[in-house]
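Accompanying notes for the structure given below.
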Amino acid sequence: MAFTNLMRQHWAALRALLVLTALLGVAYPLSIWLVAQLPGLSDKAQGSIIRVDGKPVASSLIGQSFTDGSGNQLPQYFQSRPSAAGDGYDPMASGGSNLGPEDIVDSPTRQSLLTLVCSRSKAVGTFENVDGSRPFCTGGGVGAVLSVIGPRDRGGNVVRPVRVVSVNEPCRTTSRPFVDTYHGVRVECAKSGEDYSIGQIVPIRGAAPGNPAVPADAVTASGSGLDPDISVAYADIQIARVARARHVDPAQIREVVREHRRGHDVNVVALNLQLDRNYPVTH
């Protein structure tokens with residue numbers, strides 16, 4: 001009797017396995033694939049591939065860099081937002097830097113998120129010929145952060161500074177710190193090998209405008225690192241440069257940007273391909 005019951009239970013389990021395999025392993029995937037082949041869905045199911053002369057050249061869902069062989073930005077193209085996915089826009093390494101707003105002090109091995117943002121803003125400002133200044137950034141493109149050393153109150157705030165150090169500005173890279181004094185104490189530049197964590201870390205806002213000319217998406221990566229879109233604001237500051245490089249009127253470039261605008265975003269990949277069709281660069 002026990003053997004008969006055992007065989008009955010195994011047969012029931014085998015039937016359940018076969019039925020579930022047929023439903024979930026064959027029928028369900030096949031039905032999803034068939035739905036994906038419907039008009040209007042097929043292109044998206046295949047990766048939203050963009051083709052030029054029948055050849056796949058990009059995906060409208062994945063950003064890419066528009067640089068030369070040395071990594072220099074090509075002036076005739078709109079530039080994408082930064083990417084933290086591998087070496088940039090790597091689908092196999094999709095992800096962000098996982099750095100947050102409190103990451104403001106550089107270390108010997110890497111830049112802080114604040115300094116990374118500041119350096120990018122300065123570089124974009126130079127490339128686009130706009131004001132690259134940003135709150136909490138020095139003119140040299142590093143985080144404007146002080147370590148204020150002195151006795152503290154019960155809340156942990158320094159009440160009487162005795163030493164102040166600009167922690168992100170090494171002495172070897174600057175002749176003088178971004179600010180001369182703090183609460184009457186002369187500000188020093190950081191010295192290699194010294195630890196300033198004993199001080200209260202104080203970011204200094206500076207005189208930069210509250211609404212920087214360089215928008216946030218020009219200096220920060222997306223969560224996936226694959227974002228193919230930029231904001232309209234970032235596209236706007238690039239129009240003059242792209243028009244000069246392609247020897248056309250800025251109004252013509254602005255019209256192409258308008259055609260590729262979707263809400264508050266512009267797809268850079270599709271935009272640059274359209275520019276190559278409309279206004280190719282001749283050498």
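Because only heavy atoms are used, hydrogens play no part in the values below, and waters and symmetry mates are left out as well, while side chains stay in.
- A donor-acceptor pair is defined here as one N or O able to donate and one able to accept, closer than 3.5 Å; no such pair exists between the side chain of Arg15 and the backbone of Leu17.
- Side-chain atoms of Arg244 and Pro75, non-hydrogen and from C-beta on, never get closer than 4.5 Å to each other.
- Taking all atoms of both residues into account, the shortest heavy-atom contact from Ala213 to Ile237 is O-CG2, 3.9 Å.
- No hydrogens or angles considered: a donor-acceptor pair under 3.5 Å links the side chains of Tyr77 and Asp276.
- Under the 3.5 Å distance criterion, the side-chain polar atoms of Gln79 are matched with a main-chain donor or acceptor of Phe66.
- Residues Gln238 and Phe127 are not in side-chain contact: their nearest non-hydrogen atoms beyond the backbone lie 4.5 Å or more apart.
- For the residue pair Asp103 / Ser112, no side-chain donor-acceptor distance below 3.5 Å is found, with atom types taken as modelled.
- Listed here is the closest heavy atom pair of Val266 and Val257: CG2-CG1, 4.1 Å.
- Closest heavy-atom contact between Ile62 and Val269: O-CG2, 3.6 Å.
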Could you walk me through whether Phe136 and Leu114 satisfy the side chain to side chain contact (heavy atoms under 4.5 Å, CB included) test, starting with their C-alpha distance in whole Å, then the side-chain angles of each, then the deciding distance to 0.1 Å, before giving a yes or no?
CA-CA 8 Å; Phe136 303 105; Leu114 177 59; 4.3 Å; yes

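- Within 6.0 Å of CZ in Arg152 there are more than 12 heavy atoms belonging to other residues, nucleotides or ligands.
- Within a 6.0 Å sphere centred on CD1 of Ile198, other residues, nucleotides and ligands contribute 12 heavy atoms or fewer.
- Side-chain contact between Val164 and Pro161: present, with at least one pair of heavy atoms (C-beta onward) separated by less than 4.5 Å.
- Residue Asp249 places its CG atom among more than 12 non-hydrogen atoms of other residues, nucleotides or ligands, all under 6.0 Å distant.
- The nearest pair of heavy atoms linking Ser147 to Gly199 is OG-CA, 3.4 Å.
- Within a 6.0 Å radius of CG in Asn129, no more than 12 heavy atoms belonging to other residues, nucleotides or ligands are found.
- Atom CD of Glu102 has 12 or fewer neighbouring heavy atoms from other residues, nucleotides or ligands inside a 6.0 Å radius.
- Around the CZ atom of Arg160, the shell of radius 6.0 Å holds no more than 12 heavy atoms that belong to other residues, nucleotides or ligands.
- Ion pairing between Arg186 and Asp180 fails under the 4.0 Å rule for side-chain N and carboxylate O.
- Using modelled atom types and a 3.5 Å distance limit, the side chains of Thr67 and Ser65 yield no donor-acceptor pair.
- Taking both residues in full, the closest heavy atoms of Asn168 and Val142 are given as O-CG2, 4.0 Å, listed atom of the first, atom of the second, then distance.
- Counting heavy atoms from C-beta on, the side chains of Pro209 and Asp131 come closer than 4.5 Å.
- Scanning both residues, Ala233 and Pro215, for their nearest heavy atoms gives C-CG, 4.0 Å.
- Put simply, the side chain of Arg81 never gets that close to the backbone of Ile230: no donor and acceptor are under 3.5 Å apart.
- Heavy atoms of other residues, nucleotides or ligands lying less than 6.0 angstrom from CG of Asp87 number 12 at most.
- A donor-acceptor contact under 3.5 angstrom links the side chains of Glu194 and Tyr196, judged on distance only.
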